[in-house]
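Structure record follows, encoded as structure tokens.
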Amino acid sequence: MDYTFLKDLIVLAEEYERSTGKEPKTNDFIAWLQTKELPPVPFHDTPLTKEGYGDAHTPGLISKLIVYMYRYAKLYIKKALEGSPLQSMDEFGYMVSLLQYEPMNKTELIQQNRHEKPTGMEIIKRLVRLGYMEETVHKEDKRSKALRVSDKGKELLAGLYGNMDKISRLILGDLSPLEQYQLVVTLQRLDDYHHPIFMDNLSKLDDILE
């Protein structure tokens, strides 16, 4: 395991203690990290013009850049999976999620990966058909089926971890450890906000759009 990130956090914790005279506490430390060395905001939340979105419209620009990052990641991961039986980052993500949180039923696994049910079911069916996932009796509820990563699936994942780790680092570009941490905090806040909307089958989205 590469402990560089943890070492950088320890250095930051020491800096926090020196600059504030206080021992690091989680919430105070996170707040300090979020305000440290932040660049000035280059754009403003300008109203939409009759021409529509522009790069001066901050929400639109952020949405566009998030989509760009998704496309970069999708392209890189597709390259990393060349020569393997997996066809997409979604298939890899389902297997990693299941290995981390098993036992899970199909609905739980699909929700964990933020997919709509039909899409998730197709991914699961293919991975089961290929023998990388298998269904068993749920340990906590004998009446239902649970999924687990098969030994064949674990072997496949073990062979992919090296390339996928390189891709993860590539996606982060030249972000410093501090910037990576700030990004994690921001993205986690966004996920916490959007997850209830997703779990409500997007019914709240209709209200928002109205």
Side-chain angles (χ1 to χ4, degrees), residues 59 62-172 183-210:
I62 291 173
S63 299
K64 181 177 76 171
L65 291 174
I66 289 174
V67 171
Y68 284 177
M69 286 307 306
Y70 167 77
R71 290 172 182 166
Y72 296 144
K74 185 177 180 180
L75 178 63
Y76 297 155
I77 292 172
K78 182 178 179 181
K79 189 71 175 177
L81 293 176
E82 282 184 355
S84 85
L86 300 186
Q87 296 181 340
S88 68
M89 62 181 182
D90 291 327
E91 291 181 352
F92 179 81
Y94 269 57
M95 292 181 66
V96 171
S97 296
L98 183 57
L99 192 61
Q100 184 176 1
Y101 296 109
E102 64 183 23
M104 301 174 76
N105 60 38
K106 293 177 182 178
T107 299
E108 291 169 336
L109 181 58
I110 292 169
Q111 290 175 344
Q112 176 66 32
N113 284 273
R114 312 301 195 258
H115 260 146
E116 293 182 88
K117 193 167 185 178
T119 301
M121 289 298 292
E122 287 302 313
I123 293 171
I124 291 171
K125 285 179 183 178
R126 183 172 186 277
L127 292 173
V128 170
R129 186 172 68 250
L130 292 173
Y132 298 123
M133 285 183 186
E134 50 192 27
E135 289 186 282
T136 62
V137 176
H138 201 293
K139 293 180 181 178
E140 299 173 4
D141 184 358
K142 303 297 183 182
R143 297 168 300 175
S144 64
K145 294 288 185 70
L147 292 167
R148 76 177 189 91
V149 178
S150 66
D151 291 339
K152 180 181 177 182
K154 292 176 183 177
E155 184 179 349
L156 174 65
L157 286 177
L160 292 173
Y161 282 145
N163 277 348
M164 297 305 286
D165 182 62
K166 292 176 183 176
I167 293 302
S168 297
R169 295 174 186 277
L170 174 62
I171 290 170
L172 289 173
L183 181 60
V184 168
V185 172
T186 301
L187 292 176
Q188 186 62 63
R189 281 186 61 191
L190 283 172
D191 185 61
D192 291 343
Y193 176 86
H194 289 289
H195 191 230
I197 299 174
F198 168 79
M199 293 298 290
D200 199 33
N201 293 318
L202 303 182
S203 62
K204 292 180 181 178
L205 186 60
D206 293 331
D207 295 334
I208 294 171
L209 293 177
E210 289 176 2

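Values below: all heavy atoms of this structure, side chains included; hydrogens, waters and symmetry mates excluded.
Interatomic distance, I123 CD1 to N113 CG, rounded to the nearest 0.5 Å: 7.5 Å. To the nearest 0.5 Å, the span separating CD on Q188 from CG on L190 amounts to 9.5 Å. To the nearest 0.5 angstrom, L65 atom CG is 8.0 Å from Y72 atom OH.
Residues forming a salt bridge (Lys or Arg N to Asp or Glu O under 4.0 Å) with E116 (at least two apart in sequence, or on another chain): none. For Y193, the side chain to side chain contact (heavy atoms under 4.5 Å, CB included) partners two or more places apart in sequence, or in a different chain, are I197. Listed by chain and residue number, E82 satisfy the salt bridge (Lys or Arg N to Asp or Glu O under 4.0 Å) test with K79 (two or more places apart in sequence, or in another chain). Partners of E108 under the side-chain hydrogen bond (donor to acceptor under 3.5 Å, both in side chains) rule, at least two apart in sequence or in another chain, do not exist in this structure. For the side-chain hydrogen bond (donor to acceptor under 3.5 Å, both in side chains) test, residues two or more places apart in sequence or in another chain that qualify with D191 are R114. In this structure M164 satisfies the side chain to side chain contact (heavy atoms under 4.5 Å, CB included) test together with I77, A80, L81, F92, L160, sequence neighbours excluded. Applying the side chain to side chain contact (heavy atoms under 4.5 Å, CB included) test to I171 and every residue at least two apart in sequence or in another chain returns M69, A73, Y76, I167. Applying the side chain to side chain contact (heavy atoms under 4.5 Å, CB included) test to V128 and every residue at least two apart in sequence or in another chain returns I124, M133, L147. Remark: Y94 pairs with H115 by the ring pair (Phe, Tyr, Trp, His ring centres under 6.0 Å) rule, at least two apart or across chains. Take E135 and apply the salt bridge (Lys or Arg N to Asp or Glu O under 4.0 Å) test, not counting sequence neighbours, and it matches K106.
For P85 against L156, the heavy-atom pair with the smallest separation is CD-CD1, 3.6 Å. For the residue pair I110 and M121, the shortest heavy atom distance occurs at CD1-N, 3.7 Å. Nearest heavy-atom pair across G131 and S150 is O-OG, 2.5 Å.
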- Report the C-alpha distance between R148 and E134 in whole Å, list the side-chain angles of each, state the deciding distance to 0.1 Å, and finish with yes or no for side chain to side chain contact (heavy atoms under 4.5 Å, CB included). CA-CA 6 Å; R148 76 177 189 91; E134 50 192 27; 2.2 Å; yes
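Note on residues 85-102: pairs passing salt bridge (Lys or Arg N to Asp or Glu O under 4.0 Å), not counting sequence neighbours, are E91-R126. Pairs passing the salt bridge (Lys or Arg N to Asp or Glu O under 4.0 Å) check and including a residue from residues 152-168, sequence neighbours excluded, read D165-R169.
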